[in-house]
Structure formats: C-alpha cells, structure tokens
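Working notes, beginning with the structure itself.
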Amino acid sequence: MTRRRNPFETRPGTDARPVPPRPRRSDTHIMLGNTMDWTEHLRYGPLQPLEQVDGALPIEDHGLIGDGMTGALVGRDGAIDWLCVPRFDHPPVFCRILDRDRGGAFTVAPEDLLESRQAYLDETGILATEMRCPTGRVRVIDAMTFHRGSVLSDDAQAARGELVRCVEVLDGSASLRVAFDTWQPSQFRRRGDAWQIRFPDRPELVLSLIADRPLDGPRTVLRLRSGDRLHLTLRWNGVEKDDRSTPPLQAIDDTIDAWRRWLGCLSYQGPQAPLVRRSAITLKLMDNVENGAIIAAPTSSLPEAIGGVRNWDYRYAWIRDAAFSVYALRRIGVDREARSFLAWVLDIIDRDGGRPKVLYTIDGRQPDPEREDPTLAGYRGSQPVRWGNGAATQRQHDVFGEIIDCAYQWVRHEGRIGEGLWDRLRPLIEAARVEWDEPDQGIWEVRSSGRPFTYSAALCQVALDRGAWIADRLNLPGDVDGWRADAARLRETILDQAWDAEQNALTEHVGGKERSGLDASILALPLRRVVRADHPRMIATTEAVRQQLDAGDGLLFRYHPDRSPDGLPGHEGAFLLCSFWLVDNLTLQGRVDEALDLYNSLCARANAVGLLAEQIDPSSGRFLGNFPQAFSHVGVIASGVTLARALEGDRRDLGEGAEDAPG
C-alpha cells in the first residue's frame, strides 16, 4: 500500500511541524575519507565474554538496526542472524537465531573471538560491535542507510535498501572471518566488482555484496592489522534508489543526520530520559516509512517459554499494538506517525468494507495462513517455528475502541475529520454498542473458545465515549446522547459484572456463571480512561493482580493458564508491559515513590543497548518472546510520561472518559 492523500481536514497550519536544522558536520564527530572517528558517539559498557546457551546466543545479546522497511538483528558475536528483505514480513534471508546450523547468517568477526560489547551511536539507530580476540580488537559499525536529506516522519523513499558494515582493527591484528550463509538455497556469483546472490526459490530477489577488499566467495578470512579497514555493503532490490554510488561512510553520515533530525521533535524530561529516547528510536525502527504501518516486533517464533509451543510470528501490524505505539510517541511530541498510522488504518477499513481485522501485513492485506516450518529447529530447540499468524482470523472487539480512540486523539490535537471519513468510523461505534458482551478471543488472542473479556468490553466503552465526543465536538451525525449514555452504563456494568467479591478484584470477563480468573490487562482500564485508577475497585484489583500474578521482582504474568484457559499447553514468561501498567496504576493512585522504584527496576532489565523483549524468564532474567517488542518500549515511554507528570504535581492523567483526558 503506498502513501495516499491525507484523509484529514486540518485547520490551517496544523499539518506542518518544524524540522530541526541539519546538524553541522562538526556536530556529528564523523570525519569522512580515510578515518572513522566514532569514539565520541559511543557509550559502551565493559567487554563481556561470549556465552552460548544450548548452542544459541542469548536473545539479549543482540541489537536492532533498520530503515523503516525491514530490520536486522546483529549479535554480539558479529553475526547478522536475522534479516528479512525487502520488507519486515517477507521471508528471512538469515535466520540463524532460529536454527544455529541451518538458519544462515552474515558474519564479520575475528577468529578466536573472546569477548565483545555493543553500543548505539548516540541518538541514532546505528550499532557498533567491538570484539576482542587474543591478538587485537575489531569494531564493526552496522547501519541500514537513508538517503541524504530524508525526513523520517514523512518520507516514503527514505530507505536506500542497503546494509553497510564498516570494519576497523582498533589495535593489534586479527584474522577476520567474513561468512555469508543464507537460509534458503542461493547462488553466489561474481558480477563485476560485486558478488551477486540469487535464490532459486525466490527469483524476484537479488542481493549484491560489495567489498573494498577482495572476497574469495561466501567465506573469506582476511589478515588485518591495526588501522586496517573493510567496508561491506549488502544491497537488495525492490526499492527505487537514486544514489547507489554513495560511499559507505557518506551513507552512514547521511543516516546519522536523518536520525538526529527526527529525534529533534522529542519533548521529554523525566525519569530514565536516555532509555525513553532509545525506546522512541526503537519504535521508529518498527514503523514502515511507506505508509505508517507499525509492526509488533521484527521477528518470528522467539519462544515465550524455552522448549514450549508458544512461538508466534509478530512481523505484522496489529491495530492494537500500533495504536499503543502511536499514542506513546504522541505523548513525547511525535505526531506525524500517529497521522500516518490512522490514514493507513482508514484505507484498510474503506477497502475491506468497513469491518477491521485484528492484524495486517504491511501493505494492508491479510497474512498467509499460519503454518509450521519443520525445517528449522527453533530457538534453543523451541518448536514449532511459525510463519503467518492465526490471530488474523479471530474476533477481537477492542479494535473498535483502538481505532476510534486514534481518531479522537487526532481531533483533540487540533485536527478535524470530514463527513466522508466519519461515515467509515460511525459503524465501528455502533458495532461496539451491540457486540461488547459477545465472546471474542480478547487482547491475549486465546486459542480456546471465546469469552466476553473485560478488556474487550472496556474498549467498546472507549469507542462509545470517544465517538460521542468527536460527533459532539465537530457537529457530525450520530446518536451522541445515546452513545454517551451507553458508555456510562457499560462502565457501570464492568464495575459490577466483572467484579468478584471473593477475589476482591475485577476479573478477566464480564458476567457468566463460571468463575473468572485474574487478568493483568485490567490494569490498562485507567490508562484508557474507562475507570479511574483511584476507584476503590481499581485499587483493590491492582493489589490482587500484584499478589496473584506476581512473577517476582516486580514482574507480572498476564494470567495463569490453568485458571484462565487459553487453549495452549505449557506456560510462559512474565509479560513486561503488564508491569509498566502496574507502574501507571501506582502512580495514579498517589504511590509515586513506589511506582518510581518499580519503573527504574524494569528499565534496568533493558539489555546493554537499551532494548527489551516481550517477556522475561522469572527464574533467570533472560529475554523471552519476539525481540525487540513494541509493547515493552511503549511501556517505557508511557510510564515515564505518567511519572514525570506526577512528579510535577500534574494530575491530568487521572479521570474517566474523553472530557477528562489530558490535552
């Protein structure tokens, strides 16, 4: 799906946002030509020995690079062991993270590697990996590059479609191993000054590998000494390019410029500011530059429990996850991504006849049916590996509220919507009105029979409340009084029928004769302005969730599968976003010191380069689930903003409904 005309009717002047001036060359600390002085850009931790667990590099020993079209995981061992091209949701070229022997990787590392460390260049998505062998130290700078002058918030052609690896021997000497092993069968042939890689099973895909030193083929060992350098550029087709001859260092400098211009829009001064900024960059790495789709994670099938079957493909755009992402970004001043995302969603609704699905490919289609891949062993033997996601066919009623809340956020921040667009949104409000108590698969996408989940009902309440506000504010047609009355009744219904006096908590589903389990998603109700955080039943629920879903050290499970059947065997790790929701509730209940301590402890779980996975193994502290996970970085940003406001005595976040929402 390509970028289209903006569907919003805006007031004069509201569509423009000043772009920070291009940094002076001296601001970048980059000297092009014969030197690569990155030192002032890097904030390394200490060198650490390399460790493998069950033959695999830990998930947390990776960094992410990307260009808004796709992303790659770079291991601390110098290997790119995950990359899909030309797009996030296309088949991987390298997926060694899912199979050490057969997955394939693009490795640049000294032989006899002993220890390493990683860091991002300040305020960018460019990654440095420093590696030590017995005879010296090597540094690799990895970047997916942007065209010169790119504006990352609104530039469909920003990505060059190339990965640049700049290698330098810092001291001593090294036998540098360059290995290019693909997952799918490929043909590696010399074409002029480049190696060309073709795939019999993917004839449309052609890769080019260009090096400024001779390579013998897919596997080469180069003997390098202190000061020696190697530049490698991997390019792929599928993106129009007008500057393919740009030297690697110039391409990196242009990319630094693009990142810093984008980051100049951020407005955040609060706890954990460096990690909040890093989380914003991480979310931007998962934002498709072509059309505003935001993926849940750039990977597939990283397990929620080692050896378990809860291994899912997250390389798609979930309405829910993306809505959370743009809401978090808007709170720190990133507005254009919110506009692009809503335009993308509304295009889909218009094309599909008005009924939104749960998730989409980046171009707004439905993914291929979920399938299991027996050819890959899975991360640390966790099978099955899956491509596609069966949740695409589920019913999840919260999408009504997510979409209408996005529209509400737009209108509240100086925008308008026309009647044509409103004609597409109004049926979603009516659907929420009548479907809120029908069973669905819920926010956690259970694979058991559906239930009338409390979170789904709450987001239907959001659709009614925000829909009434929009229609009233803009004098648009609709049953404003009826929607508003139904929203109020639904709030009371949730407080009454989801309440379990024995558990002293609001529980996972509304009504019904069966006892309902506890669900950490209830902690999100105050954040969606359905129930005040300081409501007595919400205070009690917070404590019940904290005690009964406790995974230790401030971590929470989403739910207990034995009490809340989800149709899957086994268990999973602690879900990080739920703990950030706990931070928000504690903050809004006035327990700010307690919330700040928990927030800091959660942020301390980020890896050395500031990335978080979906889940944490409570017994070991290791990362689980797809990585990096948008939800977890949403938590870093949103909870940071809530805490910052509370520390300033600002109580705008405490309220019910659209009228009480922060400006």
Side-chain angles (χ1 to χ4, degrees), residues 48-64 73 75-77 79 81-82 92 94-105 183 296-315 370-387 389-391 444-447 520 549-562 564-579 602 605-608 611-629 631-632:
Q48 298 285 346
L50 282 166
E51 177 188 11
Q52 290 190 1
V53 183
D54 299 330
L57 194 68
I59 295 172
E60 57 268 25
D61 279 1
H62 292 83
L64 176 71
L73 293 187
R76 202 158 57 85
D77 59 356
D81 58 13
W82 179 267
F94 313 118
C95 59
R96 188 191 65 168
I97 199 167
L98 296 180
D99 192 313
R100 184 79 183 181
D101 298 322
R102 288 171 289 182
W183 169 44
T299 57
S300 176
S301 300
L302 293 180
E304 296 173 3
I306 299 301
V309 302
R310 298 166 183 260
N311 316 319
W312 313 111
D313 191 348
Y314 275 14
R315 301 169 301 138
E370 180 178 296
R371 66 181 180 89
E372 298 181 0
D373 189 338
T375 69
L376 292 169
Y379 178 78
R380 294 177 57 187
S382 302
Q383 294 182 319
V385 168
R386 291 185 173 94
W387 309 118
N389 197 303
W444 305 132
E445 302 177 345
V446 299
R447 301 214 167 186
L549 298 181
D550 176 41
D553 296 326
L555 298 173
L556 294 176
F557 295 113
R558 295 187 288 184
Y559 53 88
H560 289 305
D562 56 335
S564 303
D566 59 11
L568 295 164
H571 63 283
E572 62 181 30
F575 201 87
L576 272 171
L577 181 61
C578 297
S579 291
L602 296 172
R605 292 185 178 275
N607 72 358
L611 302 182
L612 289 164
E614 178 185 37
Q615 300 185 16
I616 298 289
D617 183 338
S619 62
S620 67
R622 292 196 178 279
F623 285 3
L624 293 171
N626 285 300
F627 168 83
Q629 175 75 8
F631 260 169
S632 299

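Below, each value reflects all heavy atoms present in this structure, side chains not excepted, and no hydrogens, waters or symmetry copies.
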If you measure from the Lys or Arg side-chain nitrogens to the Asp or Glu carboxylate oxygens, is any gap between Arg558 and Glu445 under 4.0 Å?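 No, this pair does not count.
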Assess whether a salt bridge exists between Asp313 and Arg371, defined as any Lys/Arg side-chain N lying under 4.0 Å from an Asp/Glu carboxylate O.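 Looking at Arg371 together with Asp313, the answer is no, because their closest N to O distance does not fall below 4.0 Å.
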Work out which heavy atom in [X] is nearest to a heavy atom in [Y]; give both atom names and the distance.
X      : Y      : value
Gly75  : His62  : CA-CD2, 3.5 Å
Leu602 : Leu555 : CD2-CD2, 4.0 Å
Ile59  : Phe623 : CD1-O, 3.6 Å
Gly103 : Trp183 : O-CB, 3.0 Å
Tyr379 : Ile97  : CD1-O, 3.3 Å
Ala613 : Ser632 : O-OG, 2.7 Å

Sub-4.5 Å side-chain heavy-atom contact between [X] and [Y]:
X      : Y      : value
Pro298 : Phe627 : no
Trp312 : Glu370 : yes
Pro628 : Leu612 : no

Set of residues satisfying salt bridge (charged side-chain N to carboxylate O under 4.0 Å, His left out) with respect to Asp553, sequence neighbours excluded: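 Residues passing salt bridge (charged side-chain N to carboxylate O under 4.0 Å, His left out) with Asp553: none at all.
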Given the rule in the side-chain contact (heavy atoms from CB on, under 4.5 Å) test, do Glu614 and Phe631 qualify, once you have shown the distances and angles that lead to the verdict? CA-CA 7 Å; Glu614 178 185 37; Phe631 260 169; over 6 Å; no
Taking [Y]'s backbone N and O only, do any of them form a donor-acceptor pair with [X]'s side chain (distance below 3.5 Å, no angle check)?
X      : Y      : value
Arg102 : Thr375 : yes
Arg386 : Asn311 : yes
Arg76  : Pro49  : yes
Asp617 : Gly621 : no
Glu572 : Leu624 : no

Inter-residue atom distance [X].[atom1] - [Y].[atom2], 0.5 Å rounding:
X      : Y      : atom1 : atom2 : result
Trp444 : Ser564 : CH2   : OG    : 12.0 Å
Ser620 : Ile306 : OG    : CD1   : 8.0 Å
Leu376 : Asp101 : CG    : CG    : 11.0 Å
Leu73  : Cys95  : CG    : SG    : 11.5 Å

According to side-chain contact (heavy atoms from CB on, under 4.5 Å), who are the partners of Asp566, at least two apart in sequence or on a separate chain?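 With neighbours one apart ignored, the set is Arg310, Val446, Tyr559, Pro561, Leu568.
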For the residue pair [X] and [Y], confirm or rule out a side-chain donor-acceptor distance under 3.5 Å.
X      : Y      : answer
Tyr314 : Gln629 : no
Trp387 : Asp373 : yes
Thr299 : Asn626 : yes

Could you go through Arg622 and Asp61, starting from their C-alpha distance and side-chain angles, then the distance that decides it, and tell me whether this counts as salt bridge (Lys or Arg N to Asp or Glu O under 4.0 Å)? CA-CA 10 Å; Arg622 292 196 178 279; Asp61 279 1; over 6 Å; no
Go through the steps for Leu50 and Gln52 under the test side-chain contact (heavy atoms from CB on, under 4.5 Å), then give the verdict. CA-CA 7 Å; Leu50 282 166; Gln52 290 190 1; over 6 Å; no
Who pairs with His571 by ring pair (Phe, Tyr, Trp, His ring centres under 6.0 Å), at least two apart in sequence or on another chain?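 Checked His571 against ring pair (Phe, Tyr, Trp, His ring centres under 6.0 Å); zero matches.
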In sequence, state the C-alpha distance, the side-chain angles, and the governing distance for Leu98 and Ser301, and then conclude on side-chain contact (heavy atoms from CB on, under 4.5 Å). CA-CA 8 Å; Leu98 296 180; Ser301 300; 4.2 Å; yes
